[in-house]
Amino acid sequence: MSGFSFDLSGRTALVTGASSGLGARFGRILAANGANVVLAARRTTLLESLTEEIRQEGGQAIAVQMDVADEDSTRAAYDAAEATFGTVDTIIGNAGTNIEGLALDVEASSLDAILSVNVRGLFLTLREGARRLIAAGSTDRQNGRMVIISSVTAQSISPGTGPYSASKAAALQLGRVLARDWANRGINVNMVLPGYIPTDINIDWFASEGGKRQIQKWPRRRLMGEDSLDAMLLFLSSDASRFVTGSAFTIDDGQTL
Ligand code: NAP
């Protein structure tokens, strides 16, 4: 009989985009399950209050300013994390952005802004983490865990989301390749493709008539709850997923069926 545990005691997890929405939730859940948590984003005031909340619940957390699209900022964030907790062994590549607009109207600057966070920023985050993990002995310790937050839009068609969907497809394929690149380095890389959960990134859309119509087309006619990714996040962050790498998990309450 083999046991398994989602206990993250002794792990240090860096969550990008932890200042709001899913990233803030991930920070809370990882800390509640024993991880030292590094909350990273640009809006540090929000990160500081979340840090305080986690500490009051008995968890361990720090806030670090990090612009994922900026290489120096990314390095500095990992430096700050290491100074407090040691090597980051669990990386949640969650930071993301979207600028809505029909393809005919999308400006080049909007396209660049989306790709710079969702693709460039993700790559810089994971590359920096992998360099440090490998230097710290992950090949022997087999302790690296990376979770990429892609989207169902990586694979299904959502009209009017071309640049965002393309960036999420890139994130999915980037993760597959990095999983192969680092398979012998003790680093697992997996992707989560969430359906729609109300957060700042989509709240205006789902309050609109178009958004309400979209919800009515789904089989269960509902948005997902903020807790919908918790179990998958813990599984992919823990030792329980040691034989899982390069995999993509759709969690969408059937929205794409
Ligand atoms: P959100 O509340 O808008 O969160 C986005 C986060 O990304 C914020 O914390 C933001 O922090 C951070 N971010 C943006 N640009 C950044 C940068 N340059 N450097 C560092 N952090 C940056 O939306 P969310 O729904 O939680 O989104 C989180 C992730 O889930 C995104 O990748 C999104 O594409 C993905 N996702 C969401 C859904 C959904 O339905 N909500 C579905 C599928 C996938 P700062 O502004 O403070 O930097």
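As the structure lists them, so they are numbered: ligands from 1, and atoms in each ligand from 1. Just so it is clear, the model here is predicted, and its values are computed rather than measured.
- Neither the backbone nor the side chain of Ala40 has any atom closer than 4.0 Å to an atom of ligand 1 (non-hydrogen atoms only).
- The two residues Leu172 and Ala248 have their closest heavy-atom pair at CD1-CB, 3.6 Å.
- One option in Thr199, Ile251, Asn202 has a heavy atom closer to atom 25 (O) of ligand 1 than any other, and that option is Thr199.
- Distance check, rounded to the nearest 0.5 Å: CG of Asp112 to OG of Ser110 gives 8.5 Å.
- At the top of the distance list for atom 26 (O) of ligand 1, counting protein heavy atoms only, stands Leu22 N, 2.8 Å.
- For ligand 1 and Gly21, the ligand atoms under 4.0 Å from any heavy atom of the residue are 2 (O), 26 (O).
- Formation of a donor-acceptor pair under 3.5 Å by the Arg55 side chain with backbone atoms of Ala61 is found in this model.
- With 3.5 Å as the limit, one finds a donor-acceptor pair spanning the side chains of Arg11 and Thr90.
- Looking from atom 44 (C) of ligand 1 to the surrounding protein, the closest heavy atom is Ser150 O, 3.1 Å.
- In terms of protein heavy-atom proximity, atom 36 (N) of ligand 1 is nearest to Tyr164 OH, 3.7 Å.
- Comparing Ser151, Gly195, Ser19 against atom 42 (C) of ligand 1, the shortest heavy-atom distance belongs to Gly195.
- Ion pairing between a basic and an acidic side chain is recognised when a charged N comes within 4.0 Å of a carboxylate O; Arg220 and Asp252 show no such pairing.
- Leu229 pairs with exactly one of Leu234, Leu236, Ile197 by the side-chain contact (heavy atoms from CB on, under 4.5 Å) rule, that one being Ile197.
- The shortest N or O to N or O distance between Val152 and ligand 1 is not below 3.5 Å.
- A salt bridge links Asp253 with Arg222: at least one charged nitrogen is closer than 4.0 Å to a carboxylate oxygen.
- The shortest N/O to N/O separation between Ser20 and ligand 1 falls below 3.5 Å.
- Neither the backbone nor the side chain of Met224 comes within contact range of ligand 1; no heavy atom lies under 4.0 Å.
- In this structure, Arg242 does not pair ionically with Asp239, as no charged nitrogen and carboxylate oxygen lie closer than 4.0 Å.
- Follow the hydrophobic side-chain contacts under 4.5 Å out from Val147 and you reach Leu22 in the same cluster.
- The contact set between ligand 1 and Gly96, taken as ligand atoms under 4.0 Å from a residue heavy atom, comprises 5 (C), 7 (O), 14 (C), 31 (C), 32 (O).
- Under 4.0 Å is where a charged nitrogen must lie from a carboxylate oxygen, and between Glu71 and Arg127 at least one such pair does.
- In terms of protein heavy-atom proximity, atom 41 (N) of ligand 1 is nearest to Ile197 O, 2.9 Å.
- For atom 43 (C) of ligand 1, the nearest non-hydrogen atom of the protein is Pro194 O, 3.4 Å.
- Remark: the backbone N or O of Ser247 is paired with a side-chain donor or acceptor of Asn190 at under 3.5 angstrom.
- Classification of Asp227 and Arg25 as a salt-bridged pair fails, no side-chain N sitting under 4.0 Å from a carboxylate O.
- Protein heavy atom closest to atom 46 (O) of ligand 1, with residue, atom name and distance, is Arg42 NH2, 2.9 Å.
- Nearest non-hydrogen protein atom to atom 13 (N) of ligand 1 is Ala95 CB, 3.9 Å.
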**OP:** Decide salt bridge (charged side-chain N to carboxylate O under 4.0 Å, His left out) for Arg28 and Glu53; before the verdict, give the C-alpha distance in whole Å, the side-chain angles of both, and the deciding distance to 0.1 Å.
**Re:** CA-CA 9 Å; Arg28 289 188 183 96; Glu53 182 195 316; 2.6 Å; yes

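- Shown in contact with Asp67 at under 4.0 Å from a heavy atom are these atoms of ligand 1, numbered in order with element: 17 (C), 18 (N), 19 (N).
- With ligand atoms numbered from 1 in the order given, ligand 1 contributes 2 (O), 3 (O) to contacts under 4.0 Å with heavy atoms of Asp200.
- Backbone and side-chain nitrogen or oxygen atoms of Val117 are examined, and none is located within less than 3.5 angstrom of a nitrogen or oxygen of ligand 1.
- Between Ala41 and ligand 1, no N or O atom pair is found at a separation short of 3.5 Å.
- Counting only heavy atoms of the protein, atom 20 (C) of ligand 1 lies nearest to Met66 O, 3.2 Å.
- Atoms of ligand 1 found under 4.0 Å from any heavy atom of Lys168, numbered from 1 in the order shown, are 31 (C), 32 (O), 33 (C), 34 (O).
- Distances from atom 28 (C) of ligand 1 to the heavy atoms of Thr74, Leu229, Asn94, Thr125 put Asn94 nearest.
- Closest heavy-atom contact between Gly23 and Val15: O-CG1, 3.6 Å.
- Near Tyr196, meaning under 4.0 Å from any of its heavy atoms, are these atoms of ligand 1: 40 (O).
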